[in-house]
Amino acid sequence: MKNRFTYICSILPALFLLNNLPFFFHGVWQLVVAGALALAVWVLVWLRLFILNRLRPEFAVLSIVPQIAAYVCLYLGPEATAPYQDNVWQNFYALLWIGTAFTGICSMRAGAWEKAKGKKDTVFVMMSVLTALYCFYCCGTFFVKIFPQ
C-alpha cells in the first residue's frame, strides 16, 4: 500500500463493513465474516505502517481488537459477559477505541515519497477528523450493545 489514495479507498469500505456487520449477519456467520474482514483490515493497516516506518507495524492489531471483542461479546450474550460489566472494563474498551483512532490516524499520514500539496496536508487533516469521529461513533454504538445499563 505505497499509494495513500489506494490505501484509503481500500480500507474505508472494509472498516465500514466490519463496524456494521450486525445489520447484515447474525449468529455464527457474523463471527466468521467479522474474522475475515478483521484479517483483511489488519493486513492493510500492517502493510501501510510497515511501509511508512513511523509507527511499529505491530500496532496494527489495535485497529481490529475493539470490533472483535464486541462481536465476541454480542455472540456470547449478556449472561456470559456479565462479569465484564464493571466500569473498569468499560473504560478499557473506550481506551481500545482511542488506540484504534490513533493507529488509523497514524496510518493515514503521507509517506516521504508522497508530497502534500500546499503547506499543509489537507487530506491528512480531513481523514484524521473523520477517523476520530467515526471511532467515537462506533465506540458509542458498540458500547450500547455490549454494556446495557
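Bear in mind that the values here come from a model prediction, so they are computed numbers and not experimental data.
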Between [atom1] on residue [X] and [atom2] on residue [Y], distance to nearest 0.5 Å:
| X | Y | atom1 | atom2 | value |
| --- | --- | --- | --- | --- |
| Met127 | Arg109 | CE | CZ | 15.0 Å |
| Ile105 | Cys135 | CD1 | SG | 7.5 Å |
| Gln90 | Cys139 | CD | SG | 10.0 Å |
| Thr103 | Met108 | OG1 | CE | 11.0 Å |
| Thr6 | Ile11 | OG1 | CD1 | 12.5 Å |

Who else is in the cluster with [X] when I, L, V, M, F, W and Y are joined by side-chain contacts under 4.5 Å?
| X | answer |
| --- | --- |
| Leu95 | Ile98 |
| Leu133 | Val129 |
| Tyr134 | Phe16, Tyr137 |

Next on the checklist: Are more than 12 heavy atoms, taken from residues, nucleotides or ligands other than Tyr75, located less than 6.0 Å from that residue's OH atom?
Outcome noted: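 12 or below, so no.
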Please table the atom pairs, donor to acceptor, closer than 3.5 Å between any side-chain atom in residues 29-47 and protein atoms at least two apart or in another chain.
none

Run the side-chain donor-acceptor check on residues 61-69: report pairs under 3.5 Å with partners two or more places apart or on a different chain.
from, atom 1, to, atom 2, distance (Å)
Ser63, OG, Ala60, O, 2.5
Gln67, NE2, Asn19, OD1, 3.1

Next on the checklist: I'd like to check the salt bridge (charged side-chain N to carboxylate O under 4.0 Å, His left out) partners of Glu79; sequence neighbours left out, ordered by chain and number.
Outcome noted: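 Glu79 satisfies salt bridge (charged side-chain N to carboxylate O under 4.0 Å, His left out) with no other residue.
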Checklist entry - Between Phe142 and Trp97, what is the ring plane arrangement, given parallel below 30°, perpendicular above 60°, and tilted in between? => result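 Phe142 vs Trp97 ring planes: parallel.
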Checklist entry - Given the rule that I, L, V, M, F, W and Y join up when any side-chain heavy atoms are under 4.5 Å apart, are Val125 and Ile8 in one cluster? => result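 No, it is not one cluster - the side chains of Val125 and Ile8 are not joined through contacts under 4.5 Å.
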Checklist entry - Please walk me through it: do Ser107 and Tyr7 pass side chain to side chain contact (heavy atoms under 4.5 Å, CB included)? => result CA-CA 9 Å; Ser107 70; Tyr7 170 72; 2.8 Å; yes
